[in-house]
Each structure stands twice: as structure tokens, then as C-alpha cells.
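Along the sequence shown, residues carry numbers from 1. Source: prediction; values computed, not measured.
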Amino acid sequence: MSDRKAIESWLTDMDGVLIHEGQPVPGAPEFLRRMRASGKPFLVLTNNSIYTPRDLQARLARMDLHVPEESIWTAALATAQFLSDQRPGGSAYVIGEAGLTTAMHAVGYVLSDYAPDYVVLGETRTYSFEALTKAVRLINDGARFICTNPDPTGPSTEGALPAAGSVAAMIEKATGVTPYFVGKPNPMMMRSALNTIAGHSESTAMIGDRMDTDVLCGLEAGLETILVLTGISTRAEAERYPYRPSRIVDSVADLIDEL
């Protein structure tokens, strides 16, 4: 990748890159300090739609990871922006937490179960059978089906949790309607993030811990891709994919001197 332009802006995943199993990755606090001091635009990305950027800012700060609220980009924000671009001032039946409902309200959407334009499925720790049944019926009646992200599971300190992708598969099975996923690995997530920081693909790097989401998403959006080995994908697993990251490093600590 020697012919690429110098990196002028950065996108980085959160889980597996900055934090792992509820603890900061060694070197991540200094990485973020250097990032902020550099003045280069950056965003911390997450497919998790449960929390608002302000919530995530506070959660990260408790681990000595200091990220400005405006430097956090979630699948909920990307989903709300996508729907606002597609159908401004529309309506949606939303299954999710404050991160998603707040983002939807912020773009002027009405949240309603009466003939909504969309059914929007996000992450929640309390999926309700009643809510899922309503979603199935609304989709059968013509509502368009959107899901914030395709992740089948999510991380927790107790182990894997079923995530939006798994629940979406259940609704798809019940309706025969495939959802449109906005979050990673859809390059839509990368492009909306780039637009947010006025970045350019040829001079932006994406740091992630998963070949099947972070690296794939960054690759398809034309970014330099950096795989870190502090999360899901290992160096051996990376070799089995038909595509490759621009480079592989042990952790974000190895990138501090580039900032």
C-alpha cells in the first residue's frame, strides 16, 4: 500500500480494538490521547445501537478512554441518517434502546406502530415477544424492514449474547422479507462516518479486530485497513479470507508513533 496517501483521518472500531472484555486494551488510552493531540479528525465506530454517544463517552471515560461525544459514530446514528436521506420526516416502529430512539427523533422521525414507513430493529437486552410479533405483522402489512447491524452475537463479560442479526433472522423467517442492514460490513457505515468528519477514503485508515466486518467494510469503502489482534480475528484466521487487510499489527499501541 506504499502508493496510498498519508493518513489524515482515522476510523476505529471500539470493542476488540480499544476495549476487550470490559477492560481497556493496553496502549489504548495513550493512543486516544495522541489522536486528540494530533488534531486529525477521527471517529470511534460501533455496531452497537443500545447507547447514545454521550452514554458511550461516559462509559469509556470510566476506563480512562477519553473520546469526545462528537467523535463517536454508532450504527444507530448511521441508520437514522440513512432513513432521513431516503425518506425525510418518515415514521418507524422501532425495537431498540435509547441510542436508537434518540437518533431517530433527532432526524425528525415519528415513532409509531400505526402504518409506519419502516420497522427498525436494533439492539436491546430485553427483546419482547409482543414487540417482535408486532414487527412481523407490520412488515407483512407493507412496512420496510431495516436492521441496524447484522451481528449475530455481541460481547459481554459473561460471554456471547444474541444480537440484532439473530433476531432479524427470526423476523425474516416469519415474514419472508430480508432486512436492509446499515451497520458494518455495509460500506454505507464507512461512508456516513467519512462524511461526518469530512474525510476522504484515499487518506483514511480503518482499524478493526474483525476480518468479516471491520476489514471488509473498510476495504469496500476504499480505506486503508489495519487489523489488530486484540479482539476476534487472529493472524492465522486472516490468512483464510479471500481479501487481506493493508496490514496487521498486534494492537493500537503499535500505531501511536504514527499519530
Side-chain angles (χ1 to χ4, degrees), residues 11-15 18-19 22 41-63 65-128 130-132 134-135 138-139 143-151 154-156 161-168 171 179-184 186 188-197:
L11 304 177
T12 176
D13 188 34
M14 186 171 68
D15 289 309
L18 302 177
I19 59 175
F42 75 97
L43 282 181
V44 174
L45 274 60
T46 176
N47 260 0
N48 192 315
S49 63
I50 291 179
Y51 304 107
T52 66
R54 182 173 296 181
D55 295 334
L56 289 172
Q57 179 190 38
R59 290 167 66 89
L60 290 169
R62 289 197 293 270
M63 292 181 275
L65 298 171
H66 299 284
V67 182
E69 181 181 345
E70 62 272 15
S71 295
I72 298 174
W73 188 249
T74 71
L77 294 174
T79 298
Q81 185 61 61
F82 170 73
L83 293 181
S84 179
D85 291 342
Q86 289 284 301
R87 190 175 290 265
S91 61
Y93 177 67
V94 174
I95 298 175
E97 301 286 347
L100 182 55
T101 57
T102 300
M104 296 292 288
H105 279 136
V107 297
Y109 254 62
V110 173
L111 306 189
S112 172
D113 62 359
Y114 178 74
D117 297 314
Y118 298 96
V119 165
V120 181
L121 175 68
E123 303 284 4
T124 175
R125 296 289 184 256
T126 56
Y127 285 110
S128 155
E130 179 182 359
L132 298 177
K134 187 180 292 289
L138 291 171
I139 292 169
R144 302 155 186 86
F145 186 17
I146 300 288
C147 186
T148 56
N149 63 287
D151 302 49
S156 79
L161 295 170
S166 295
V167 181
I171 295 175
Y180 181 74
F181 295 103
V182 176
K184 299 177 293 182
N186 188 342
M188 179 79 66
M189 180 86 165
M190 294 291 108
R191 294 191 185 106
S192 63
L194 285 174
N195 289 339
T196 300
I197 59 174

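- For the residue pair Cys147 and Pro179, the shortest heavy atom distance occurs at CB-CB, 4.2 Å.
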- Task: Might you work through the side-chain contact (heavy atoms from CB on, under 4.5 Å) test for Ile95 and Tyr127, ending with a clear yes or no?
- Result: CA-CA 8 Å; Ile95 298 175; Tyr127 285 110; 4.1 Å; yes

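- The structure places CG of Leu77 at 11.0 Å from OG1 of Thr148, a figure rounded to the nearest 0.5 Å.
- Separation of atoms CD1 (Ile50) and CZ (Arg125) is listed at 4.0 Å; rounding is to 0.5 Å.
- In terms of heavy-atom proximity, Ala76 sits nearest to Gly99 at CB-O, 3.5 Å.
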- Task: Decide yes or no on side-chain contact (heavy atoms from CB on, under 4.5 Å) for Asn149 and Glu123, but give the supporting numbers first.
- Result: CA-CA 9 Å; Asn149 63 287; Glu123 303 284 4; 3.1 Å; yes

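- For the residue pair Tyr109 / Asp117, no side-chain donor-acceptor distance below 3.5 Å is found, with atom types taken as modelled.
- Leu121 contributes atom CG, which lies 8.5 Å from atom CD1 of Ile139 (distance to the nearest 0.5 angstrom).
- Counting only heavy atoms from C-beta outward, the side chains of Ile19 and Leu60 approach each other to under 4.5 Å.
- Considering only heavy atoms from C-beta on, Met63 stays 4.5 Å or farther from Leu18 through its side chain.
- Here the shortest heavy-atom pairing between Pro116 and Leu138 reads CD-CD2, 3.8 Å.
- Once rounded to the nearest 0.5 Å, the distance linking CZ of Phe82 with CE of Met188 reads 5.0 Å.
- Contact detail for Ala135 and Val119: the closest heavy-atom pair is CB-CG1, 3.9 Å.
- Nearest heavy-atom pair across Ala98 and Thr52 is O-CG2, 3.8 Å.
- Remark: side-chain polar atoms of Asn186 are paired, donor with acceptor, to backbone N or O of Phe181 under 3.5 angstrom.
- The heavy-atom pair separating Val107 from Ala80 by the smallest distance is CG2-O, 3.8 Å.
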- Stepwise side-chain contact (heavy atoms from CB on, under 4.5 Å) test for Met190 and Leu45: CA-CA 9 Å; Met190 294 291 108; Leu45 274 60; 3.1 Å; yes

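- The structure places CG of Leu65 at 10.0 Å from CE of Met14, a figure rounded to the nearest 0.5 Å.
- The CG atom of Leu43 sits 9.5 Å away from atom CD1 of Ile72, with the distance rounded to the nearest 0.5 Å.
- Within the structure, side chain to side chain donor-acceptor pair (under 3.5 Å) contacts touching residues 71-82 (residues at least two apart or in different chains) are Trp73-Ser192, Gln81-Asp85.
- For the salt bridge (charged side-chain N to carboxylate O under 4.0 Å, His left out) criterion with Lys184, the lone passing option out of Asp151, Asp13, Asp15 is Asp13.
- Sorted by first and then second residue, the side chain to side chain donor-acceptor pair (under 3.5 Å) pairs with a member in residues 94-104 read Glu97-Thr124; sequence neighbours excluded.
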